[in-house]
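Working notes for the structure below.
Residue numbers run from 1 in the order of the sequence given.
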Amino acid sequence: VQLQASGGGLVQAGGSLRLSCAASGRTFSRLRMGWFRQAPGKEREFVAAFSKSGGTTYYSDSVKGRFTISRDNAKNTVYLQMHSLKPEDTAVYYCAADSQPFAITSSTTLESSYDYWGQGTQVTVSS
């Protein structure tokens, strides 16, 4: 699976951005997709993802109510719509794919469950 993230940029606090992640190489609809981010000097953290079946979405507490993950299986693309951005949202955002979402060891929020990663896209929120 190849993942190509895009849509990052510089935005003022309170603004919005939409990230996209295009996937190729495998049946997209069978992949559990998620977004993670890594701020300078910090470890990568979970942001949002779909459940195993794809019917439910999960968010970290820090972005709940402001970010929305969605996917278009016809376009092999997952999105992260971000509203009310804050300076603390500044990070490199990575899309990730879990090719075995029903494996017993698979977990929605754990990095180790995702076996394919995009290259990351920088989001910078100015105050």
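The CE atom of M82 lies 9.5 Å from the CZ atom of R66; values are rounded to the nearest 0.5 Å. From T68, atom OG1 reaches atom CZ of R18 across 11.5 Å, with rounding to the nearest 0.5 Å. The OG1 atom of T77 sits 12.5 Å away from the CG atom of L19 when rounded to the nearest 0.5 Å. Annotation: the span from S99 atom OG to Y116 atom OH amounts to 5.0 Å, rounded to 0.5 Å. Note: K75 NZ to N73 CG = 12.0 Å, rounded to the nearest 0.5 Å.
Contacts of R30 classified as salt bridge (Lys or Arg N to Asp or Glu O under 4.0 Å), with partners at least two apart in sequence or in another chain: none. Residues passing the salt bridge (Lys or Arg N to Asp or Glu O under 4.0 Å) test with R32 are D98, sequence neighbours excluded.
A salt bridge links K64 to D61: at least one charged side-chain nitrogen sits closer than 4.0 Å to a carboxylate oxygen.
A side-chain donor-acceptor contact under 3.5 Å links Y93 and R37. With hydrogens and angles left out, the side-chain atoms of S62 and S60 include a donor and acceptor closer than 3.5 Å. For Q122 and T124, the side-chain atoms include at least one donor-acceptor pair closer than 3.5 Å. The closest side-chain donor-acceptor pair between Q100 and S106, if any, does not fall under 3.5 angstrom.
By the rule that hydrophobic residues join a cluster once side-chain heavy atoms approach within less than 4.5 Å of another member, M33 and V1 end up as members of one cluster. In the hydrophobic cluster analysis, where Ile, Leu, Val, Met, Phe, Trp and Tyr join through side-chain heavy atoms closer than 4.5 angstrom, Y58 is grouped apart from L80. By the rule that hydrophobic residues join a cluster once side-chain heavy atoms approach within less than 4.5 Å of another member, L17 and Y94 end up as members of separate clusters. Cluster annotation: W35 is not connected to W117 through the hydrophobic network of ILVMFWY side chains, with a link wherever side-chain heavy atoms come within less than 4.5 Å.
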F36 vs Y114, ring-ring contact (aromatic ring centres under 6.0 Å, His included): CA-CA, chis, key distance, verdict: CA-CA 10 Å; F36 290 75; Y114 295 81; 5.2 Å; yes
Verdict with supporting geometry, C21 and Q4, side chain to side chain contact (heavy atoms under 4.5 Å, CB included): CA-CA 5 Å; C21 177; Q4 181 70 39; over 6 Å; no
task: Tell me, with the steps shown, if I69 and Y79 meet side chain to side chain contact (heavy atoms under 4.5 Å, CB included).
output: CA-CA 6 Å; I69 187 172; Y79 305 96; over 6 Å; no
message: As a quick check of understanding, evaluate side chain to side chain contact (heavy atoms under 4.5 Å, CB included) for F67 and Q81, giving each step before the final call.
response: CA-CA 5 Å; F67 291 12; Q81 179 68 57; over 6 Å; no
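Side chain of Q119 to backbone of A5: a donor-acceptor contact under 3.5 angstrom is found.
In plain terms, the two heavy atoms of A48 and Y59 that are nearest each other are CB-CD2, 3.5 Å. Closest approach of S70 and V78 over heavy atoms only: O-CG2, 3.1 Å. Scanning all heavy atoms of the two residues, the minimum distance from T121 to G7 falls at OG1-N, 4.1 Å. Considering all non-hydrogen atoms of both residues, A97 and L31 come closest at CB-CD1, 4.1 Å. Across all non-hydrogen atoms, the minimal contact from P40 to T90 is CD-O, 4.2 Å. Minimum heavy-atom separation, H83 to S16: ND1-OG, 2.7 Å.
A 4.5 Å side-chain heavy-atom check between E111 and F46 finds every atom pair outside the cut-off.
A cation-pi arrangement is present between R71 and F28, with the terminal nitrogen or guanidinium carbon under 6.0 Å from the aromatic centre and inside a 45° cone about the axis.
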